[in-house]
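A quick note: this is a predicted structure, and the numbers were derived from the prediction, not measured.
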Amino acid sequence: MHPILAAALALAALAPALRADHPAAFSRDGAELWVANTMAGSVSVIDPRSRALVREISFGGTPFSLAITPDDRLVFVANTELGQVLVLD
């Protein structure tokens with residue numbers, strides 16, 4: 001399955017839990033889809049193949065965008081409400 005289609009299906013499966021725009025980024029191998037939940041103040045990690053929520057990381061504020069390092073070790077989350085860039089490992 002194409003990664004974009006997998007991401008769309010994964011987000012559609014979780015649509016009732018999501019409440020706003022959702023910037024997203026894939027891990028390099030495509031095994032994880034990281035989604036910024038702007039209204040919920042969290043980041044969700046989704047397995048795009050199974051469409052399952054792997055984990056949700058809550059920290060408050062408004063996560064506006066995110067980026068994953070090329071080695072998949074760190075995820076940077078821009079949080080506009082807190083005026084911070086959070087680093088998740």
Hydrophobic clusters here meaning ILVMFWY residues chained together by side-chain heavy-atom distances under 4.5 Å, can you tell me if Val54 and Val43 are in one? yes
Under 3.5 Å, sequence neighbours excluded: what are the donor-acceptor pairs made by side chains of residues 57-71?
unit_1, atom_1, unit_2, atom_2, d
Thr62, OG1, Glu81, OE1, 2.9
Thr69, OG1, Asp71, OD1, 2.7
Thr69, OG1, Arg73, N, 3.4
Thr69, OG1, Leu74, N, 3.2
Thr69, OG1, Leu74, O, 3.4
Asp71, OD1, Arg73, N, 3.0

Report yes or no: does Asp72 contribute a side-chain atom to a donor-acceptor pair with the main-chain N or O of Arg28 at less than 3.5 Å? yes
Give the cluster check for Val45 versus Val75: same hydrophobic cluster or not, with ILVMFWY residues linked at side-chain heavy-atom distances below 4.5 Å. yes
What's the spacing between Leu53 CG and Arg55 CZ if we round to 0.5 Å? 9.5 Å
When every non-hydrogen atom of Arg51 is compared with those of Ile46, the smallest separation belongs to C-CG2, 4.3 Å
Could you tell me which non-hydrogen atom of Glu56 sits nearest to which non-hydrogen atom of Ser42, and how far apart they are? OE2-OG, 2.6 Å
Taking only residues two or more places apart in sequence, or in another chain, which ones meet Val85 in a side-chain contact (heavy atoms from CB on, under 4.5 Å)? Phe76
Taking all heavy atoms of Asp29 and all of Ala31, pick out the closest pair and write down the distance. OD1-N, 2.9 Å
Below 4.5 Å, heavy atoms only, C-beta onward: do Asp89 and Val87 meet side chain to side chain? no
